[in-house]
Amino acid sequence: MEVKLLVTYTAKPGCREQFVREVVTQGVLDAVRAEDGCRQYEYFFSVENENVVLLRECWESETHLRTHIAQPHMATLSAIKKQYVEAVTLVKVQEEPYAL
């Protein structure tokens with residue numbers, strides 16, 4: 001069963017762009033997207049809050065997500081977060097059919 005996550009990063013003041021830039025330049029973004037089972041891993045900037053970044057993740061299964069969390073490049077992401085991020089919230093999205 002597919003797993004979708006919304007991760008909200010609140011960057012330290014003025015550090016939002018640098019946070020995402022480091023994720024890209026240190027190869028974390030490409031490494032995650034190359035993982036088996038990764039269907040989406042995409043960052044979005046808030047237009048209302050200059051310190052907020054939203055990450056939308058989609059994984060083929062819970063097994064793929066657990067494997068992702070244990071990858072070596074996630075340690076790199078953790079170090080980047082320590083430098084640029086104040087807070088992180090994660091929401092698992094439970095989609096239900098919606099009829100228009």
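By convention here, the first residue in the shown sequence is residue 1.
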About how many Å separate OG1 of Thr25 and CD1 of Ile80, when rounded to the nearest 0.5 Å? 7.0 Å
Cluster check Phe45, Leu5: I/L/V/M/F/W/Y, side chain < 4.5 angstrom: yes
Going only through I, L, V, M, F, W and Y residues with side-chain contacts under 4.5 Å, is there a path from Leu29 to Met74? yes
Under the ring-ring contact (aromatic ring centres under 6.0 Å, His included) rule, collect the residues that match up with Tyr43, sequence neighbours excluded. Tyr41
Please list all pairs meeting salt bridge (charged side-chain N to carboxylate O under 4.0 Å, His left out) that have one or both residues in residues 23-39, counting only residues at least two apart or in different chains. Glu2-Arg39
pair Gln83-Cys15: side-chain heavy atoms closer than 4.5 Å: no
Can Glu62 and Lys92 be counted as an ion pair, charged N to O under 4.0 angstrom? yes
Just by distance, with hydrogens left out, do Thr67 and His64 show a side-chain donor and acceptor under 3.5 Å apart? no
Evaluate the side-chain proximity of Val88 to Val7: yes if any heavy-atom separation is below 4.5 Å, no if none is. yes
Does a side-chain heavy-atom distance below 4.5 Å link Val85 with Thr10? no
Heavy-atom distance under 4.5 Å between the side chains of Lys12 and Asn51, does that happen here? no
If two hydrophobic side chains count as joined below 4.5 Å and joins carry through other members, does Val93 share a cluster with Leu65? no
Is the closest side-chain heavy-atom distance between Leu55 and Leu6 below 4.5 Å? no
State plainly whether one hydrophobic cluster holds both Val32 and Val24, where clusters connect Ile, Leu, Val, Met, Phe, Trp and Tyr through side-chain heavy atoms under 4.5 angstrom apart. yes
Quick one: pull up NE2 in His68 and CH2 in Trp59 and give me the separation to the nearest 0.5 Å. 4.5 Å
Same cluster or not: Val47 versus Val52, using hydrophobic residues (I, L, V, M, F, W, Y) connected whenever any side-chain heavy atoms lie under 4.5 Å apart? no
For the backbone of Ser46 and the side chain of Arg16, can you confirm whether one donor and one acceptor N or O come within less than 3.5 Å of each other? yes
With sequence neighbours left out, which residue pairs that include part of residues 2-34 fulfil the ring-ring contact (aromatic ring centres under 6.0 Å, His included) condition? Tyr9-Phe19
